[in-house]
Amino acid sequence: MELFQAKDDYILQNGDQALWCSRRDGTIKVRPATDLLFAWNPVCLGLVEGVIGKIQLHTDLPLGLVLIRQKALVGTLPGNHNVYKITKIAVIPLSDEDPQEFELELCKKHHFGIDKAEKLTQSPDDSKFLMKTLSHIKSNVAVPIKKKVKENKEKERLERRLLDELYKIFMDSDSFYYSMTYDLTNTVQRQGESEKSDLPLWKQVDDRFFWNKHMIQDLIDLQVPEVDLWVMPIIQGFVQVEELVVNYNETSDEERSSPETPPKEVTCVDDIQPRFTVVLISRRSRHRAGMRYKRRGVDTDGHVANYVETEQLIHVHSHTLSFVQTRGSVPVFWSQAGYRYNPRPRLEKGENETMAYFSAHFEQQLQLYKKQVIINLIDQGGREKLIGDAYLKQVLLYNNPNLTYVSFDFHEHCRGMKFENVQILTDAISDIITDMKWAWVDQAGVICKQEGIFRINCMDCLDRTNVVQAAIARAVMEQQLKKLGVMPPEQPLPLKCYRIYQVMWANNGDIISRQYAGTAALKGDFTRTGERKLAGVMKDGVNSANRYYLNRFRDAYRQAVIDLMMGLPVTEDLYSIFSKEKEHEEKEKESQRGVQEQVSLLLQTYMQLLLPDDEKFHGGWALISCDLSLIDANNKDVDVLLLLSDKAYYIAYYDDEADKVNQYQRLNLQGLEKIEIGPEPTLFGKPKFCCMRLHYRNVETSGYFHTLRAVTRNPEDDGKGSTAWHNERNRTYTTYTIYELKEHKKKITVLSISE
């Protein structure tokens with residue numbers, strides 16, 4: 001559709017209809033396309049893909065018209081329905097000010113032979129110009145110039161900051177999807193049960209997942225049939241479509257790359273090999289929407305934070321099978337102050353106060369899904385126990401026969417990176433999975449319905465939840481494929497199909513995590529590959545550190561934008577956040593010390609997962625490599641993690657740009673020949689740091705070593721506050737312990753790192 005700019009309106013033209021949006025007050029009207037002739041000097045700005053709606057980011061800022069600037073085809077659903085992802089948006093301020101430049105695709109009809117639109121200038125209306133000049137003079141008389149300039153700068157900064165967050169929400173998280181012909185908000189089962197099939201698509205939607213409803217409300221309120229062309233429901237969530245071939249004769253990528261596997265002739269896969277399409281659709285609720293530390297638990301309407309409905313579709317010939325699961329925050333009143341790593345949760349209301357809202361939540365859920373099987377993955381010990389216990393108490397008080405409660409301490413069962421132990425859970429609930437069934441439709445209609453759903457949660461409903469949902473969905477999919485005759489009864493899914501399927505679920509976890517926590521999912525490498533590796537655990541640590549930073553300030557802006565998209569009042573003073581952010585920037589040294597604290601906590605939390613059960617963990621240190629061969633042209637530090645057990649030490653190199661560990665070594669302590677401590681090696685100038693060199697033997701060859709030093713710290717920070725003192729003590733003790741290793745090499749396996 002074409003976007004025109006006229007003197008008083010922006011005009012969108014699609015076929016024989018046009019949408020007029022006033023630049024003065026944002027009023028929207030639907031008019032015939034021929035009315036463009038009555039517009040004052042309309043100029044085509046280019047092409048857009050659709051209308052998301054309107055938004056006012058602050059009372060001091062003008063309304064903005066949000067348009068889809070660019071889309072990408074995600075895939076085609078059964079029935080030949082295309083699904084698109086929004087990749088770029090344009091926000092057009094509805095004001096009398098001169099328009100900014102928009103990088104829109106130029107339409108060939110109005111820009112034939114032109115590669116880039118010229119910047120538009122508007123001749124000022126004389127009366128408007130005089131009135132603006134008069135008001136400007138009055139305001140300058142009333143307010144001191146310096147104060148006025150400061151206010152204008154703050155206003156401009158706020159506008160840039162909020163606009164930046166709006167663009168990032170739509171363009172950086174791969175979060176928003178739509179279809180012109182398919183209802184992405186409703187499951188296959190709900191669509192089959194619906195009596196609205198003769199209505200326009202936007203009137204058939206599930207209101208929970210209609211993310212731009214408030215933004216497009218002015219258009220809906222016109223209540224004329226012509227709006228049907230313009231109202232396009234958008235979901236936030238995830239969609240991926242893949243076609244898989246069940247070929248047991250095809251070697252996997254791992255086998256093909258192995259030098260021990262002889263090459264095979266490439267053969268075309270013909271129609272003899274069964275094919276099926278798998279679709280993953282996740283829909284995030286617009287109720288209690290927001291960022292992790294800003295939205296927890298339940299609200300007074302019974303809505304919970306991070307509520308996501310995930311539907312897995314299997315399509316074979318004319319058969320479509322659907323299996324639905326949900327995730328959502330524990331439906332009690334609780335919070336976490338997100339200004340430290342892994343903050344301690346706390347309950348905001350008592351047991352009796354919570355009961356009514358807990359009941360309201362599950363009454364809604366049972367009305368929608370009939371039965372619910374809760375799978376609670378929260379730790380049954382430690383700081384998470386408070387929330388888990390409150391959850392169980394509310395379930396017992398609710399006492400509904402259609403509610404089943406299953407508790408599975410994920411971290412306890414999967415200790416030591418053994419995430420394959422999730423099968424303990426799926427085996428235990430296999431009868432429940434079978435009894436729950438799934439939705440099954442074909443051209444003739446509904447064959448079978450899913451009876452109930454799994455409602456899975458951990459603390460954030462992100463990482464552990466995604467691993468378990470993927471495991472349950474896989475078990476269901478294999479049952480479905482065997483039922484359809486696509487898979488043999490006694491064989492698992494071919495490895496290549498399984499790998500693609502794992503990647504889909506890992507992508508789902510990453511996208512949902514970005515929407516709620518701002519970073520990719522932890523444990524994503526297990527969901528992708530089926531095994532937990534050092535690189536994955538190290539990436540978890542960095543993602544956790546990223547989450548810690550992101551929730552401080554960016555989340556406040558992002559939460560404000562989300563609330564405005566939903567039509568909710570912004571509870572925080574955004575101008576005051578500027579001063580807080582400025583204070584944060586001025587105290588960069590202090591925050592750096594906080595980062596060191598987080599690194600220490602992350603090492604303690606995650607490094608224990610790396611060691612086999614028969615190795616005893618002694619400690620871990622974040623260091624810098626001084627090996628000259630690894631220092632790049634920019635003299636950039638190379639981050640290293642040194643991990644010590646009673647049998648080996650690990651050297652892991654972390655690439656901060658790639659956001660992952662790119663290599664690591666496990667070296668037996670028997671191969672450690674000597675440890676030297678001295679000045680760092682330098683090509684020029686005097687050495688600045690004291691370093692440690694670990695000499696080791698590779699197989700039977702000596703002469704290998706690693707040279708490491710401590711991370712740079714500010715000596716002025718030493719001894720200031722208990723946290724700094726604790727960190728300095730840890731560093732000093734670490735150096736002392738390593739020196740002891742040098743002197744008492746034979747006793748290396750019995751040294752303790754504890755103070």
Side-chain angles (χ1 to χ4, degrees), residues 186-194 206 208 276 278-283 285 304 307-316 319-328 331 361-377 391-392 395 398-408 410 422-442 445-458 461 464-487 489 492-493 501 504-505 508:
N186 273 306
T187 64
V188 165
Q189 184 161 315
R190 286 201 297 270
Q191 290 181 39
E193 296 171 345
S194 175
D206 187 323
R208 296 175 296 165
F276 67 97
V278 58
V279 183
L280 211 54
I281 304 174
S282 283
R283 314 167 175 101
S285 173
V304 295
Y307 183 89
V308 182
E309 178 187 77
T310 300
E311 180 180 23
Q312 178 178 281
L313 299 175
I314 304 296
H315 183 71
V316 182
H319 296 269
T320 301
L321 294 81
S322 160
F323 184 73
V324 178
Q325 304 176 78
T326 62
R327 66 178 77 187
H361 172 69
F362 276 106
E363 282 167 11
Q364 294 171 8
Q365 295 299 296
L366 294 175
Q367 184 178 0
L368 287 163
Y369 303 108
K370 311 309 177 191
K371 295 179 181 178
Q372 291 253 310
V373 178
I374 296 169
I375 298 182
N376 183 14
L377 306 176
Y391 197 1
L392 179 57
V395 170
Y398 187 53
N399 192 24
N400 191 305
N402 292 319
L403 206 60
T404 303
Y405 181 91
V406 178
S407 181
F408 182 79
F410 186 96
V422 169
Q423 189 169 347
I424 296 171
L425 172 63
T426 55
D427 289 346
I429 62 173
S430 60
D431 290 343
I432 299 176
I433 295 174
T434 302
D435 293 341
M436 191 173 288
K437 303 177 186 176
W438 55 78
W440 185 352
V441 299
D442 65 5
V446 178
I447 299 173
C448 180
K449 292 184 180 181
Q450 182 174 337
E451 298 177 2
I453 61 162
F454 289 104
R455 185 200 190 277
I456 303 171
N457 73 274
C458 49
C461 304
R464 290 171 277 182
T465 297
N466 202 66
V467 171
V468 171
Q469 282 194 337
I472 293 174
R474 179 193 174 188
V476 171
M477 181 181 68
E478 290 184 346
Q479 290 182 19
Q480 293 171 334
L481 294 176
K482 289 173 183 177
K483 192 81 171 178
L484 292 169
V486 176
M487 275 176 61
L493 196 66
Y501 177 77
M504 291 179 71
W505 270 97
N508 178 70

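Throughout, numbering of the chain's residues begins at 1 and tracks the sequence. All values below come from the heavy atoms of this structure, side chains included, with hydrogens, waters and symmetry mates left out. Please read these numbers as outputs of a predicted model, since none were measured by experiment.
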Practice problem: Kindly indicate, with the supporting measurements, whether the criterion side-chain hydrogen bond (donor to acceptor under 3.5 Å, both in side chains) is fulfilled by Gln372 and Tyr405. | Solution: CA-CA 9 Å; Gln372 291 253 310; Tyr405 181 91; over 6 Å; no
Quiz item: Does the pair Gln325 and Arg455 meet the rule for a side chain to side chain contact (heavy atoms under 4.5 Å, CB included), with working shown?
Solution: CA-CA 6 Å; Gln325 304 176 78; Arg455 185 200 190 277; over 6 Å; no
Exercise. Verify side chain to side chain contact (heavy atoms under 4.5 Å, CB included) between Val395 and Asn376, making sure each step is shown before the conclusion.
Key: CA-CA 12 Å; Val395 170; Asn376 183 14; over 6 Å; no
Exercise. Let me see the working for Val441 and Ile447 under side chain to side chain contact (heavy atoms under 4.5 Å, CB included), right down to the final yes or no.
Key: CA-CA 5 Å; Val441 299; Ile447 299 173; over 6 Å; no
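For CD of Glu193, the number of neighbouring non-hydrogen atoms (other residues, nucleotides, ligands) closer than 6.0 Å is greater than 12.
Nearest heavy atom pair, residue Asn466 against residue Trp505, reads ND2-O, 2.9 Å. Pairing each heavy atom of Arg464 with each of Cys458, the nearest pair is NE-CB, 3.5 Å. Shortest non-hydrogen contact noted between Gln450 and Ser322 is OE1-O, 3.8 Å. The two residues Leu280 and Met504 make their nearest non-hydrogen contact at CD2-O, 3.7 Å. Between Gly328 and Cys461 the shortest heavy-atom distance is O-SG, 3.1 Å.
Looking at Gln312 and Tyr501, their side chains do bring a donor and an acceptor atom within 3.5 Å of each other. For the 3.5 Å distance criterion, the side chains of Glu363 and Tyr398 fail to qualify, holding no donor opposite an acceptor.
Residues satisfying the side-chain hydrogen bond (donor to acceptor under 3.5 Å, both in side chains) criterion with Ser282, sequence neighbours excluded, are Thr310, Asn508. Partners of Gln364 by side-chain hydrogen bond (donor to acceptor under 3.5 Å, both in side chains), not counting sequence neighbours: none found.
Residues Val373 and Ile456 have side chains not in contact (no heavy-atom distance under 4.5 Å, counting atoms from C-beta outward). Using a 4.5 Å cut-off on side-chain heavy atoms (C-beta onward), Phe454 and Ile432 make contact.
Taking 4.0 Å as the cut-off between side-chain N and carboxylate O, Arg190 and Glu309 count as a salt-bridged pair.
Taking the six-membered ring where the residue is Trp, Tyr391 and Phe362 present parallel rings, their angle staying beneath 30° rather than reaching 60°.
To the nearest 0.5 Å, atom CD of residue Gln189 and atom CD1 of residue Ile453 are 10.5 Å apart. Separating the CG atom in Asn457 from the OH atom in Tyr307 is a distance of 12.5 Å, to the nearest 0.5 Å. Atom OG in Ser430 sits 10.5 Å away from atom CG in Leu425 (nearest 0.5 Å). Here the straight-line distance linking atom CG of Leu313 with atom OG1 of Thr187 works out to 9.0 Å at 0.5 Å rounding. Rounded to the nearest 0.5 Å, atoms CG (Asp206) and CZ (Arg283) are 8.0 Å apart. The CD atom of Gln367 sits 12.5 Å away from atom CG of Asn402, with the distance rounded to the nearest 0.5 Å.
A side-chain donor-acceptor contact under 3.5 Å links His315 to the backbone of His319. Judged by distance alone, the side chain of Thr426 and the main-chain N or O of Gln423 form a donor-acceptor pair under 3.5 Å.
If you run side-chain contact (heavy atoms from CB on, under 4.5 Å) between Val188 and each of Thr320, Ile281, Val324, Val446, only Thr320 comes through.
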Cut-off 3.5 Å, no hydrogens considered: what does the side-chain donor-acceptor table look like for residues 467-482, sequence neighbours left out?
residue: Gln469; atom: OE1; partner: Arg327; partner atom: NH2; Å: 2.9
residue: Gln469; atom: NE2; partner: Thr326; partner atom: O; Å: 3.2
residue: Arg474; atom: NE; partner: Glu478; partner atom: OE2; Å: 3.3
residue: Arg474; atom: NH1; partner: Tyr498; partner atom: OH; Å: 3.0
residue: Lys482; atom: NZ; partner: Pro489; partner atom: O; Å: 3.3

